[in-house]
Amino acid sequence: MGKEITSRSEDYSQWYIDLVKKADLAENSDVRGCMVIKPYGYSIWEKMQQALDKMFKDTGHVNAYFPLFVPKSMFEAEEKNAEGFAKECAIVTHYRLKNDPNNKGKLMVDPAAKLEEELVVRPTSEAIIWSTYKKWIQSYRDLPLLINQWANVVRWEMRTRLFLRTAEFLWQEGHTAHATAYEAIKETEQMLDVYAEFAESFMAMPVIKGKKSEGERFPGAIDTYCIEGMMQDGKALQAGTSHFLGQNFAKAFNVQFTNKEGKMEMVWGTSWGVSTRLIGALIMAHSDDDGLVLPPKLAPIHVVIVPIFKNEAELLKITEQADILAKALRAQGYAVKFDNRETHKPGFKFAEWELKGVPVRIAIGPRDLESKTVEVARRDTKEKQIMKMEAVATEIPALLNSIQDNIYQKALKFRNEKTTQVNSYDEFKKVLDEKGGFVEAHWDGTIETEVAIKEETKATIRCIPLDAKKEVGVCIYSGKPSFRRVMFARAY
RNA sequence: CGGGGUGUAGCGUAGCCCGGUAUCGCGCUUGGUUUGGGACCAAGAGAUCGUCAGUUCGAAUCUGGCCACCCCGACCA
């Protein structure tokens, strides 16, 4: 029917691509590496934005907007940051086109319109923001500065995948400034907690909170904290990062303040972000061979009502009942879609809404009208039940809660099953190849070992878990002493 | 940037080796019958075969250049 998607067991990455396209989330654009986010996919992003934005506001942050362009001299001010992103920057060098005299109807870059200084299209906004903060901060009374922006950024990636890695993507980036290191570290940790809470409560995706090793750290940060999720193919996905920037950007942009004692000090900073990549995570964490499985808290449509009718008169009667049910559910804040299209058969609609991951489907036909019931199907388990119409308004909300919980529990069980402790390098390689998932192993803490393991196995240190227990052991690679295990995995 | 591959209707494709302007499925349009798990029948519309040049009476097909995209690798907060 042209709607089937490749099964996960056959080809996981093809399954992912098929799903994104068939569920109408996004498609490749005519621009290399850039995607078009379609209305249904964008509505999921909007749900994420709403939930996150509220969490940011609840923790005292406000939104602002900074420019897309960063002058090159400003961009290079923080050396490590600049160096880290240099290889993937898009650069604006001219500001005008003109008619090409040698090629009628075509345009050419006007060489006379060369910019004095090139503009970097932001791959991240620390530079432009800290150069602005310099003007805003004079006294400890101006601190803390707690700002977030919803924006697009561009990173010229060699290879892209819908949602997971695109040349342009949407994200939010928080940039805060503080009077003390302690306060900035608290902020970094707080925002990591916000991300973890969002991932687990809204996305129903369990995550491991941890710190990045030196090699995986954000360029320009003192410490990078992250949340790491587990996808159904056993690969890890970094779902959000929160950076303690120390005074690196303050020094680069000379952002100082006068403290209570009247002395000048450098400002302490943080930055943190999540992107449309989360949609990729959402898909790969829960969906199945029939399509998307959305956690109710992020579903643009919670309940779809499908009428089953033979003629106008029947549709009319069903519509009457459907309106009553929809009204009762909408009054409780649920998004209800009544799919009364006469151009498609019920079976088609069932398949389509399953593909799109709507958590609950209600079918109403002539038989239901007689017995005053409806057929209720849940997307996560595909179970169906007959429910009294009068019970719908109270039982559907409970069902949605239970779906949210079930999806999370299922993902948690999977994640736990895919987490293995190993004590030797042979065992490490065996688990990676045969089982995948997270591998907890001792590591000597050196970048050399990390790089060597990555080169030999393609596994990276996803994080040093924040809750890692002190445990004496030896590095699986070098045999040198280690005092806690770290999380390795092959990752997206 | 290295290695491999592909470009034919909105989508997926056959045809290419062995030159004669194009196959099938999905989708689309119209009419009818259908409607509790992706309907059926009938009639239609839709393609300068990626692009530029060459060979030829004649090119989707052969030759060369160019472009785009995909896959593997390198790279990837």
Side-chain angles (χ1 to χ4, degrees), chain A residues 1-6 11 13-14 17-18 21-22 27-34 78 80-89 122-126 153 155-162 164-167 169 171 173 212-221 223-228 237-245 271-275 277 290-291 306-312 314-315 318 339-355 361-371 373-377 382 384 386 454-455 458 460 462-463 491-492:
Chain A
M1 296 295 129
K3 280 287 188 185
E4 273 95 30
I5 56 185
T6 306
D11 184 343
S13 83
Q14 191 58 46
I17 293 166
D18 286 354
K21 292 185 176 169
K22 299 276 166 63
E27 63 188 35
N28 284 308
S29 70
D30 294 332
V31 185
R32 193 211 78 107
C34 297
E78 209 298 318
K80 289 227 168 64
N81 187 251
E83 197 190 312
F85 284 104
K87 310 177 296 299
E88 46 191 286
C89 285
R122 62 180 169 213
T124 181
S125 302
E126 277 78 6
V153 286
R155 294 181 188 177
W156 214 266
E157 302 286 357
M158 292 289 186
R159 215 164 123 196
T160 58
R161 300 188 71 186
L162 292 167
L164 296 177
R165 180 169 285 111
T166 47
F169 57 91
W171 76 345
E173 46 181 328
K212 286 292 185 192
S213 63
E214 191 188 338
E216 297 275 326
R217 196 174 289 156
F218 177 73
D223 253 331
T224 288
Y225 292 67
C226 64
I227 52 170
E228 292 283 330
L237 183 84
Q238 177 177 302
T241 47
S242 183
H243 316 292
F244 171 56
L245 303 174
S271 68
W272 28 274
V274 296
S275 72
R277 169 179 248 208
D290 294 320
V306 178
I308 293 152
F309 58 96
K310 287 194 171 61
N311 51 55
E312 281 285 328
E314 252 173 32
L315 177 59
I318 293 166
D339 186 0
N340 60 353
R341 286 177 295 176
E342 297 184 50
T343 49
H344 295 276
K345 289 180 58 177
F348 179 91
K349 294 176 182 176
F350 291 173
E352 178 168 280
W353 294 114
E354 271 164 19
L355 188 57
R361 180 187 73 229
I362 296 177
I364 310 176
R367 297 205 294 258
D368 297 300
L369 289 181
E370 275 192 30
S371 57
T373 58
V374 295
E375 182 195 75
V376 174
K382 314 265 307 249
K384 293 181 195 171
I386 302 297
K454 183 181 178 181
E455 273 176 12
K458 290 184 181 167
T460 49
R462 299 320 303 158
C463 68
Y492 277 99

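By convention in this document, chain letters (A, B, ...) are assigned in the order of the sequence lines, proteins followed by strands, and residues within each chain are numbered from 1. What you see below is based on every heavy atom in this structure, not just the backbone, and it leaves out hydrogens, waters and symmetry mates.
Base contact: A:Phe169 has a heavy atom under 4.0 Å from a base atom. Within 4.0 Å (heavy atoms only), A:Asp368 reaches at least one base atom of the nucleic acid. Among the heavy atoms of the strands lying under 4.0 Å from A:Glu216 are primed sugar atoms or P, OP1, OP2 only; no base atom is included. Heavy atoms of A:Arg341 sit nowhere under 4.0 angstrom from any nucleic acid atom.
No close placement of the A:Phe218 and A:Tyr225 rings is indicated, their centers lying 6.0 Å or farther apart.
B:A9 and B:U23 are spaced 12 Å apart, taking the C1' atom of each and rounding to whole Å. With both ends at atom C1', the span from B:G38 to B:G27 equals 14 Å, rounded to whole Å. Straight-line distance between the P atoms of B:G4 and B:U21: roughly 35 Å, to the nearest whole Å. Atom C1' of B:C62 sits at a distance of 15 Å from the matching atom of B:C49, rounded to the whole Å. B:G25 sits 12 Å from B:A42 when the P atoms are compared, rounded to a whole Å. For B:C66 and B:G3, the P atoms lie 14 Å apart once the distance is rounded to whole Å. When the P atom is compared between B:C11 and B:C57, the two are found 37 Å apart, to the nearest whole Å. Rounded to whole Å, the separation between the C1' atoms of B:A68 and B:G50 comes to 7 Å.
Closest to the side chain of A:Arg367, out of B:G36, B:G37, B:C76, is B:G36. With B:U35, B:G37, B:G38 as the choices, the nucleotide that has an atom nearest any side-chain atom of A:Glu352 turns out to be B:G38. Of the listed nucleotides (B:G37, B:G36, B:C76), B:G37 has the atom at the smallest distance from the side chain of A:Phe350. Distances were taken from every side-chain heavy atom of A:Ala351 (C-beta onward) to each of B:G38, B:C76, B:G36; the shortest belongs to B:G38.
Look at A:Lys458 and you'll find a side-chain N or O under 4.0 angstrom from OP1 or OP2 of B:G73. Dashed line: the shortest gap from a side-chain N or O of A:Lys345 to OP1 or OP2 of B:G36 is under 4.0 Å.
The partner of B:U21 cannot be assigned: no Watson-Crick or G-U wobble pair with both contacts below 3.5 Å exists in any strand. Pairing for B:A74 is absent, with no Watson-Crick or G-U wobble pair whose two atom distances lie under 3.5 Å. Under the Watson-Crick or G-U wobble criterion, with both distances below 3.5 Å, B:C49 is left unpaired in every strand shown. Across the strands present, B:G54 finds its partner in B:C62; the criterion is a Watson-Crick or G-U wobble pair with both atom distances under 3.5 angstrom. Nucleotide B:U6 has B:A68 as its partner under the Watson-Crick or G-U criteria, with both atom distances under 3.5 Å. Under the Watson-Crick or G-U wobble criterion, with both distances below 3.5 Å, B:G36 is left unpaired in every strand shown. Nucleotide B:G31 has B:C41 as its partner under the Watson-Crick or G-U criteria, with both atom distances under 3.5 Å.
Between A:Glu455 atom CD and B:A74 atom C1' there is a gap of 11 Å when expressed in whole angstrom units. Atom pair A:Gln238:CD and B:C76:P shows a separation of 13 Å (rounding to whole Å applied). In this structure, A:Lys21 places its NZ atom 12 Å from C1' of B:G12, rounding to the nearest Å. Between the CD1 atom of A:Ile308 and the P atom of B:A39 there is a distance of 13 Å, rounded to whole Å. Per the geometry, CG belonging to A:Asp339 stands 15 Å off P belonging to B:G37, to the nearest Å. In this structure, the OH atom of A:Tyr492 is 18 Å from the C1' atom of B:C75, given to the nearest Å. If you measure from atom CD of A:Glu83 to atom P of B:C75, you get 16 Å, rounded to the nearest angstrom. Between the P atom of B:G27 and the NZ atom of A:Lys22 lies a distance of 12 Å, rounded to the nearest Å.
No side-chain heavy atom of A:Phe309 sits less than 4.5 Å from a side-chain heavy atom of A:Pro366. The shortest side-chain heavy-atom distance between A:Lys21 and A:Asn28 falls under the 4.5 Å cut-off. You'll find the side chain of A:Gln238 stays beyond 4.5 Å of the side chain of A:Ile227, heavy atoms only.
Positionally, the nearest nucleotide of RNA chain B for A:Lys384 lies more toward the 5' end than for the other of A:Gly33 and A:Lys384. Each of A:His243 and A:Ile386 lies near RNA chain B, and the nucleotide nearest A:Ile386 is the one positioned closer to the 5' end.
Not counting sequence neighbours, the partners of A:Asp223 by the side-chain hydrogen bond (donor to acceptor under 3.5 Å, both in side chains) test are A:Lys211.
Nearest heavy-atom pair across A:Arg277 and A:Leu164 is NE-O, 3.1 Å.
A donor-acceptor contact under 3.5 angstrom links the side chains of A:Arg462 and A:Thr460, judged on distance only. Defined by atom type and a distance below 3.5 Å, a donor-acceptor pair is missing between the side-chain atoms of A:Ser271 and A:His243.
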